[in-house]
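We use all heavy atoms of the structure for the numbers below, so side chains are in, but hydrogens, waters and symmetry mates are not. In this text, all values refer to a predicted model and were calculated from it rather than measured experimentally.
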Amino acid sequence: MDTTYNASFRCFRGCPGSWSLYDVIYTCPTCGGLLEVVHDKEALRRHSSQEWKQLFAARSGTTQWPYGSGVWRYKEWVAPALDDANIVSTCEGNTNLFWAARLGEQIGLPDLWIKQSGNSHTGSFKDLGMTVLVSVVKQMMAQGSPVKAVAAASTGDTSAALAAYGAAAGIPTIVFLPQGKVSSAQLIQPIANGATVLALDTDFDGCMRIVKEITRDNSIYLANSMNSLRIEGQKTVGIEIVQQFNWQVPDWIIIPVGNLGNISALGKGFLLMQELGLIDKLPRLVAAQAAQADPFYQAYRQDFRQKVSLPAQKTLASAIQIGDPVSYEKAMATVQRFDGLVEHATEHELANAAAQADLTGLYTCPHTGVALAVLLKLVQRGLIQSHHRVIVISTAHGLKFTQFKMDYHEDQLPGVEAQLANPPIYLPADVDVVRKTLDRYLR
Ligand SMILES: *Cc1c(COP(=O)(O)O)cnc(C)c1O
Ligand SMILES: [Zn+2]
């Protein structure tokens with residue numbers, strides 16, 4: 001593709017001004033709101049939808065740097081002016097769609113699919129956005145920018161992704177974690193990748209406030225999803241889903257949400273496909289929240305009359321334990337545009353939904369449990385029907401949440417009655433006892 005494409009930052013609320021993706025700027029200087037990356041649609045429209053589909057198909061699965069990546073396959077739509085030599089990629093994306101045949105059968109949904117975004121380099125979808133952000137930083141540094149390091153506040157997965165991409169690029173990283181509120185797998189990831197790990201005696205929202213102050217002087221670059229570069233990478237998940245279905249759009253997509261960057265990104269990818277003629281309808285989007293930390297659900301219940309912020313209570317879905325979501329306005333616009341809705345799930349519901357899915361061959365993280373619990377509610381309510389194609393976005397790998405699973409199967413989770421617990425059976429090493437026990441279990 002020979003055309004030159006352009007993308008720039010603009011105010012999401014529409015204030016005047018546009019900035020280079022290589023400027024250190026996170027919010028609108030006029031109103032303080034979020035920025036978004038705006039692409040030159042004129043230039044993109046010079047190619048037909050058929051040409052784009054062919055290009056993306058030709059790149060899929062190749063080793064041609066960097067286009068084998070599930071993000072950079074769509075490079076012209078993501079960050080077109082990046083030098084390929086500055087791209088920091090782990091071949092992210094390319095995650096499988098798991099046809100949830102048995103789970104679907106149990107709940108009367110033969111066309112149920114799980115997008116396994118957690119089958120990724122650092123075990124969560126956060127890789128999709130981080131490859132874009134760290135690549136842009138690498139280009140900025142190559143061009144002599146004063147940026148020395150990249151920092152993020154995190155509920156665990158963002159810091160793991162930041163640390164891995166920083167280490168791959170040789171760029172120093174700093175992560176701010178709420179002490180005692182991330183899993184040990186999530187804590188050890190940035191440590192192993194050489195990040196400076198600061199465990200603060202506060203919650204996620206407290207870490208967010210500190211990192212904003214620390215990144216004020218522009219020598220440390222802010223990697224949180226208020227930085228809309230990450231949204232550009234994360235938006236490819238929807239494009240990849242549709243490509244995997246040979247450009248057919250599903251009826252519903254359910255996604256667990258916290259800071260609300262991910263659902264905004266999902267919507268942005270669909271709107272771009274629609275504008276460029278690759279698809280002619282939109283899916284309905286469902287934002288799934290943990291009832292312990294559900295400000296977006298509370299706002300939705302009041303018809304989004306105003307943003308709700310509240311102190312997030314402890315939830316097993318620790319990556320979405322957020323009370324003051326940064327991308328609220330974008331996510332609200334997305335839910336409205338996509339005829340969407342917001343639903344929430346209790347600890348009991350999310351843990352049992354995750355266990356039910358696991359018993360059909362999945363290995364779900366608690367956030368995916370939230371999305372699955374919400375799915376069950378919408379099926380029971382008759383809103384999601386048996387002829388619908390439904391995608392649940394699994395956001396992280398279950399292996400990051402071993403303690404959650406152990407505690408569930410030992411029925412040790414507070415507020416949860418583990419209806420599907422499958423604890424190990426402790427026996428003496430005696431053939432007769434083993435045989436008798438098996439007789440009982442296999443009957
Ligand atoms: C970050 C994250 C989410 C939520 O994404 P937001 O952009 O914060 O809404 C959901 N699940 C997991 C596992 C995550 O790491
Ligand atoms: Zn503005």
Side-chain angles (χ1 to χ4, degrees), residues 88-92 117-135 137-138 141 147-215 219-227 230 233-234 258-259 261-262 312 314-322 363 365-368 395-407:
V88 185
S89 169
T90 62
C91 202
E92 51 288 309
S117 304
N119 290 353
S120 181
H121 190 72
T122 70
S124 87
F125 78 84
K126 297 294 200 295
D127 292 346
L128 301 176
M130 209 51 84
T131 182
V132 178
L133 184 138
V134 173
S135 299
V137 171
K138 191 170 172 195
M141 291 169 99
V147 168
K148 295 190 305 249
V150 186
S154 173
T155 52
D157 291 328
T158 295
S159 50
L162 174 60
Y165 283 84
I171 297 170
T173 57
I174 309 161
V175 305
F176 295 76
L177 297 170
Q179 230 172 77
K181 294 189 179 72
V182 305
S183 79
S184 52
Q186 288 172 321
L187 176 61
I188 200 64
Q189 285 182 287
I191 290 175
N193 284 132
T196 301
V197 177
L198 305 175
L200 304 189
D201 185 13
T202 177
D203 57 6
F204 170 79
D205 300 292
C207 289
M208 194 67 229
R209 279 191 291 277
I210 303 243
V211 79
K212 276 193 200 163
E213 286 303 317
I214 298 293
T215 53
S219 64
I220 303 176
Y221 191 71
L222 177 65
N224 277 97
S225 62
M226 68 184 287
N227 185 324
R230 281 184 45 206
Q234 290 178 14
N259 223 0
N262 203 17
K314 191 171 165 50
T315 168
L316 295 161
S318 50
I320 54 176
Q321 188 176 327
I322 294 173
Y363 195 70
C365 75
H367 322 87
T368 306
T395 44
H397 201 296
L399 285 172
K400 284 195 178 200
F401 299 90
T402 304
Q403 197 63 46
F404 159 65
K405 298 218 177 275
M406 303 223 312
D407 291 349

Can you find a pair of side-chain heavy atoms, one from [X] and one from [Y], that are under 4.5 Å apart?
{"X": "M226", "Y": "N259", "answer": "no"}
{"X": "K126", "Y": "Q234", "answer": "yes"}
{"X": "S318", "Y": "T155", "answer": "no"}
{"X": "L222", "Y": "V211", "answer": "yes"}
{"X": "L187", "Y": "L177", "answer": "yes"}
{"X": "D203", "Y": "Q321", "answer": "no"}

Euclidean distance, L316 CG relative to C365 SG, rounded to 0.5 Å |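 Interatomic distance, C365 SG to L316 CG, rounded to 0.5 Å: 11.5 Å.
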
If you round to the nearest 0.5 Å, how far is CZ of F125 from CE of M130?
->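 Rounded to the nearest 0.5 Å, the CE-CZ separation comes out at 10.0 Å.
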
Go through the structure and list residues passing side-chain contact (heavy atoms from CB on, under 4.5 Å) with [X], not counting sequence neighbours.
{"X": "D407", "value": "Q403, Q412, L413"}
{"X": "A168", "value": "V88"}
{"X": "T402", "value": "M406"}

Can you give the donor-acceptor pairs under 3.5 Å from side chains of residues 189-202 to other protein atoms, not counting sequence neighbours?
{"residue": "Q189", "atom": "OE1", "partner": "K400", "partner atom": "NZ", "Å": "3.0"}
{"residue": "Q189", "atom": "NE2", "partner": "T122", "partner atom": "O", "Å": "3.0"}

Main-chain N/O of A223 paired to R230 side chain as donor or acceptor, under 3.5 Å =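 Present.
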
Which residues share a side chain to side chain donor-acceptor pair (under 3.5 Å) with [X], sequence neighbours left out:
{"X": "K212", "answer": "none"}
{"X": "S135", "answer": "none"}
{"X": "S124", "answer": "none"}
{"X": "S120", "answer": "D127"}

Quick check: closest heavy atoms across [X] and [Y], and the distance to 0.1 Å?
{"X": "A169", "Y": "V134", "value": "CB-CG1, 4.1 Å"}
{"X": "A152", "Y": "N224", "value": "CA-OD1, 3.4 Å"}
{"X": "S154", "Y": "P178", "value": "O-CD, 3.1 Å"}
{"X": "T395", "Y": "T368", "value": "N-OG1, 3.4 Å"}
{"X": "I174", "Y": "A149", "value": "CD1-CB, 4.2 Å"}

Set of ring-ring contact (aromatic ring centres under 6.0 Å, His included) partners for F401, sequence neighbours left out |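 Result, ring-ring contact (aromatic ring centres under 6.0 Å, His included) vs F401: H367.
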
Sequence-distant partners of Y221, ring-ring contact (aromatic ring centres under 6.0 Å, His included), two or more places apart =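 Testing Y221 for ring-ring contact (aromatic ring centres under 6.0 Å, His included), a comparison that skips the adjacent residues, returns Y26.
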
According to the salt bridge (charged side-chain N to carboxylate O under 4.0 Å, His left out) rule, which pairs have a member within residues 177-190, sequence neighbours left out?
->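 Non-adjacent pairs meeting salt bridge (charged side-chain N to carboxylate O under 4.0 Å, His left out): zero.
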
Quick one: which residue pairs count as a side chain to side chain donor-acceptor pair (under 3.5 Å) with a foot in residues 161-171, not counting sequence neighbours?
->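 Every side chain to side chain donor-acceptor pair (under 3.5 Å) pair that includes a residue of residues 161-171, provided the two are not neighbours, is T90-Y165, E92-Y165.
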
